[in-house]
**Q** 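Structure below; questions to follow.
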Amino acid sequence: MNLLESLNPEQCAAVEHPGGALLVIAGAGSGKTRVLTARIARLLANGVLPRAILAFTFTNRAAREMRARIGAVVGVPGSAGGVGRELWVGTFHATCVRLLRREAEAAGIPRGFAIYDREDQEAVIRGLVKKLELPETAFRVGTVLARISDAKNELVGPAEFERVAASPHERRLAEVYGLYQKELARNGALDFDDLIGVTVRLLHDRPDVAERYGQRFQHVLVDEYQDTNHAQFRLVHALAAVHGNLFVVGDDDQSIYGWRGADLSNVLEFERAFPGATVLRLEQNYRSTGNILRAANAVIAHNRARKGKTLWCEREAGARLRFALAEDEFDEARRVRRFLEDHVRRGRRLDEAAVLYRTNAQSRALESELLQQGLAHEIVGGVSFYQRREVKDLLAYLRLAVNPADAVAFWRVWNTPRRGLGSAVRREVEAVMSGRGVTPVEALRALVREGALSRAAARGADRLLGVLDELATRLEDPVDLLFMRLLAGTDYLRHLESLGEEDCEDRRANVEELAAAAGGFAARGEGALSDFLAETALLTDVDRLAEGVDRVLLLTAHNAKGLEFDSVVVAGLEEGLFPHGSALEDAAELEEERRLFYVALTRARDEVLLTAAATRRRFGALGGPLGGQVSRFVEEVPAELLEREVSPALAWQPRTGGARWEGGGVGASTVALRRGWSEPVREAPGRSGRNRTPEPAGRRGAVHRVIGREVYHEVFGRGIVVDAEDAAGDLKCTVRFASGTKKVMGRFLTGGSDGDPA
DNA sequence: TGCGTTGACCCTGGA
DNA sequence: GGTCAACGCA
């Protein structure tokens, strides 16, 4: 296969670019992966050595696929040896791990450093908040971590954070940040952000190292450049500075990771950062039908912060997009399921369809419908495989074997399975740790040796140390053998059974899958235990997706990036959900939501179904319902491209700036559902609401109808009702105003558009 | 120390 | 509606 054949002129220009900095603005479905692959193949064909090429991809999966394609083109079979090993293709994180393992000494970190995921980070922060006796409300673990992560993405260390702190709270945060870094260092651990940050620091502090890698990687390529953050930009800059051969591909309209520091100015100001840079544009779409593309173009045109481009295609117009307004999330799930059945009826495979949503929580209703109806599916994301409790437990043992300083791993497993070790012993171990400056493993060993423990505790400690010592002496064994030793040594499977949980079988299956993963890793002969552990830390559900399994995927729009399907459902298109409520009051965040919707739409080749639900429960049946307005994004799709199906129980009236539904339907369906708790939830599929006369809306209905509504208040101005409750013949509304969220009685509010008191 | 119950928090997104 | 930590009791 010749990758250069059948490239269009713009693609060709990119692939043949002589060198220097090049930015390729590549629209959705414009063949950017092909261009990147062809570019690398071209470089190799021109005599560039594989070891002189470094390519960053967004997912491990993309890296694997790219390596395979390049291998096929340049005729090197497999990934082992030759091109596969010499050519560096990987995500930012995986690449940094690889570099840091080689340069651990120069970077001042242990070679077997652990990689802390979110859960590990939380354990560290929780310990600090407790130790410093900080108020847990003001220092919520998630918030603290988010602030630290933001700082790291901007390459701001604790000292700098302290310097710019604007309040006592911020100074306290700086302190926590500093102690967090100390704790990670003591544990021999790096968090995800550190992987990038420490590499950048290494290249900055050690010009000799920077020079070495700069000389080696004569060509640096970056995919999904629009989602790089400042730290990643600096990394790329440092590596490419020597020769300036930087080839980046991105699409400002698909930038969807602003919340984790992605900096669109990396794209928008590329030419300033790299003087003399060339910019090329790929605007021909090879993926979607004309209608889908027109819809996507129309929607994204509402964004102001963009370079501006219009995709075109040669494909036929195809079917119109469909929009279904459902009564609630269960009705929505049924409509989705019927759409999928149609897809199969058209002779397509289920794995050529996907259901996309904004939040992972939405998967529940969808999954239960698909389960009931026996439609094969797979949920991607949420709690991923390597985050399952049993998987993390077992991995924690392996982590300890490689790095006994890893206190988070130690405390995770020291009494799992139960060994009679509790909080009393823990306090003693911690005292020895801080008193003598030793690892938790050594502290425990010392306590045993010195006879400081009760007989029962000493026996438990002996068992734990026995397992850890056995692993430690066999570090060079193949990973799968080591894993079997671990299972036997801890009797972990019996521990699982002893828990007597309902999902015992699932957990057992996960342990077996982990064993299989270890076996696969060993068979590939790709290296040490620490490499296996890094892989488990960095692989995501998307990376692990199997090819050729005939099932529909359920996943977030974020996770769908880079994938494509014949048929795509975008579910939950309601104001407050998609676009998400947290983005409604910020123009920039709203534009990011729109880009996310654009990404979702452009995953589709042939058929699109958009769905919304008039009511939707949060936190299960007990939480308040969400809902009120169809997403503005649906309204931004030109009407002639959209085929609307509305549940007959809902009187639906489109208006400018977002459609609303009114009348008894919403209230009635909610009432019916509430009643239906102990009864069959709903009538047979396919007939929902068709022959039903809507009941008159009671006060319940009134409550549900005001939520999401735009209102006006004499003092506070315009706001959005986020919640409401009955109060003495009126509604007590919780309203989000620009100045903050307040509780206001309904009689003080006027409706935003219809003037009717809410 | 082990175990069951209660109650808080949760549900933007993810390497 | 699910998870997890704190709490109280055996």
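Just so it is clear: chains get the letters A, B, ... in the order the sequence lines come, proteins before strands, and each one is counted from 1.
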**Q** So, is A:Thr59 close to the B:dA15 phosphate, meaning a side-chain N or O under 4.0 Å from OP1 or OP2?
**A**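 For A:Thr59, the contact criterion (side-chain N or O under 4.0 Å from OP1 or OP2 of B:dA15) is not met.
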
**Q** List the steps, then state whether salt bridge (Lys or Arg N to Asp or Glu O under 4.0 Å) holds for A:Asp491 with A:Arg463.
**A** CA-CA 11 Å; A:Asp491 210 0; A:Arg463 272 193 287 160; over 6 Å; no

**Q** At under 4.0 Å, does any side-chain N or O of A:Asn360 touch on OP1 or OP2 of B:dT12?
**A**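 So the side chain of A:Asn360 is outside the cut-off, no N or O lying under 4.0 Å from OP1 or OP2 of B:dT12.
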
**Q** Give a yes/no on whether any side-chain N or O of A:Thr540 is located under 4.0 angstrom from OP1 or OP2 of B:dA15.
**A**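 Answer is yes, contact under 4.0 Å.
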
**Q** Do A:Tyr598 and A:Leu601 come close enough that some side-chain heavy atom pair is under 4.5 Å?
**A**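 With C-beta onward as the side chain, the pair stays apart.
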
**Q** Rounded to whole angstrom units, what separation is found between the CZ atom of A:Arg118 and the P atom of B:dG13?
**A**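 To the nearest whole Å, that distance equals 11 Å.
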
**Q** Nearest-Å distance, CZ (A:Phe385) to P (B:dA15)?
**A**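 Going from A:Phe385 (CZ) to B:dA15 (P), I get 16 Å.
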
**Q** Considering residues, nucleotides and ligands other than A:Arg412, do more than 12 of their heavy atoms fall under 6.0 Å from its CZ?
**A**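 Yes - once you tally the heavy atoms of other residues, nucleotides and ligands closer than 6.0 Å, there are more than 12.
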
**Q** Under 4.0 Å between any heavy atoms, over every strand shown, what does A:Ala424 touch: base, sugar-phosphate, or nothing? Just pick one.
**A**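 A:Ala424: backbone/sugar contact only, no base atoms under 4.0 Å.
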
**Q** Picking from B:dT1, B:dG14, B:dG13, which would you name as closest to the side chain of A:Glu592?
**A**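 The answer is B:dG13.
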
**Q** In whole angstrom, what separates A:Asn229's CG from B:dG14's P?
**A**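 So the two atoms are 17 Å apart, to the nearest Å.
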
**Q** Considering only side-chain heavy atoms of A:Glu593, which listed nucleotide, B:dA15, B:dT1, B:dT12, is closest?
**A**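 Selected nucleotide (nearest to the side chain): B:dT12.
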
**Q** Given atom CD of A:Glu119 and atom P of B:dG14, what is their separation to the nearest angstrom?
**A**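 Whole-Å distance recorded here is 16 Å.
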
**Q** Taking the side chain of A:Arg126 as its heavy atoms from C-beta onward, which of B:dA15, B:dC11, C:dA5 lies nearest to it?
**A**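 Minimum distance to the A:Arg126 side chain belongs to C:dA5.
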
**Q** If the threshold is 4.0 Å, N to carboxylate O, is there a salt bridge linking A:Arg399 and A:Asp120?
**A**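 Salt bridge present between A:Arg399 and A:Asp120.
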
**Q** Side-chain N or O of A:Lys130 versus OP1/OP2 of C:dA6: is the shortest distance under 4.0 Å?
**A**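 Yes, within the criterion.
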
**Q** Which atom names give the shortest non-hydrogen contact between A:Gly197 and A:Leu155, and what distance separates them?
**A**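 Scanning both residues, the minimum pair turns out to be CA-CD2, 4.1 Å.
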
**Q** A:Glu535: which residues meet the side-chain hydrogen bond (donor to acceptor under 3.5 Å, both in side chains) condition with it, sequence neighbours left out?
**A**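 Counting only residues at least two positions away or on another chain, A:Glu535 forms a side-chain hydrogen bond (donor to acceptor under 3.5 Å, both in side chains) with A:Arg524.
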
**Q** Need to verify one output field. Residue with the more 5' nearest nucleotide on DNA chain B, A:Asn60 or A:Arg419?
**A**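 This one resolves to A:Arg419.
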
**Q** Need one value for A:Asp193: base, sugar-phosphate or nothing, where a base atom within 4.0 Å counts as base even if backbone is also close, heavy atoms only.
**A**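 If one applies the 4.0 Å heavy-atom cut-off, A:Asp193 turns out to touch a base.
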
**Q** I want to verify a distance call: between B:dG2, B:dG14, B:dA15, whose nearest atom is closest to the A:Asn415 side chain?
**A**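 Nearest nucleotide to the side chain: B:dG2.
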
**Q** From C-beta outward on A:Arg418, which listed nucleotide comes closest to its side chain: B:dG13, B:dG2, B:dA15?
**A**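 The listed nucleotide nearest to A:Arg418's side chain is B:dG2.
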
**Q** For the side chain of A:Arg358, starting at C-beta, report the closest nucleotide among B:dC10, B:dT12, B:dC11.
**A**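 The answer is B:dT12.
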
**Q** For the side chain of A:Phe192, starting at C-beta, report the closest nucleotide among B:dG2, B:dG14, B:dA15.
**A**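 Side chain of A:Phe192 sits closest to B:dA15.
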
**Q** For A:Val425 and for A:Asn153, find the nucleotide of DNA chain B with the closest heavy atom, then tell me which residue's nucleotide is more 5'.
**A**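 Whichever sits nearer the 5' end wins; that is A:Val425.
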
**Q** So which nucleotide from B:dG13, C:dG1, B:dA15 ends up closest to the side chain of A:His558?
**A**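 It is B:dG13.
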
**Q** Can you check the A:Asp150 CG to B:dG13 P distance for me, whole Å?
**A**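 Between P of B:dG13 and CG of A:Asp150: 17 Å.
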
**Q** Can you figure out which of C:dA5, B:dC10, B:dG13 approaches the side chain of A:Trp259 most closely?
**A**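 The answer is B:dG13, which lies nearest to the side chain.
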
**Q** According to a strict under-4.0 Å criterion, is A:Arg260 in side-chain N/O contact with OP1 or OP2 of B:dT12?
**A**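 For B:dT12, neither OP1 nor OP2 has a side-chain N or O of A:Arg260 closer than 4.0 Å.
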
**Q** Which nucleotide, C:dA6, B:dG13, B:dA15, lies nearest any side-chain atom of A:Thr359?
**A**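 Ranking C:dA6, B:dG13, B:dA15 by closest atom to the A:Thr359 side chain puts B:dG13 first.
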
**Q** Under 4.0 Å, counting only non-hydrogen atoms across every strand here, what does A:Ser423 touch: a base, just sugar-phosphate, or nothing?
**A**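 Sugar-phosphate, no base atom in range.
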
**Q** Contact class for A:Ser582 vs. all strands (heavy atom < 4.0 Å): base, sugar-phosphate, or nothing?
**A**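 It contacts base atoms.
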
**Q** What is the separation between atom CG on A:Leu100 and atom P on B:dA15, rounded to the nearest whole Å?
**A**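 To the nearest whole Å, that distance equals 19 Å.
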
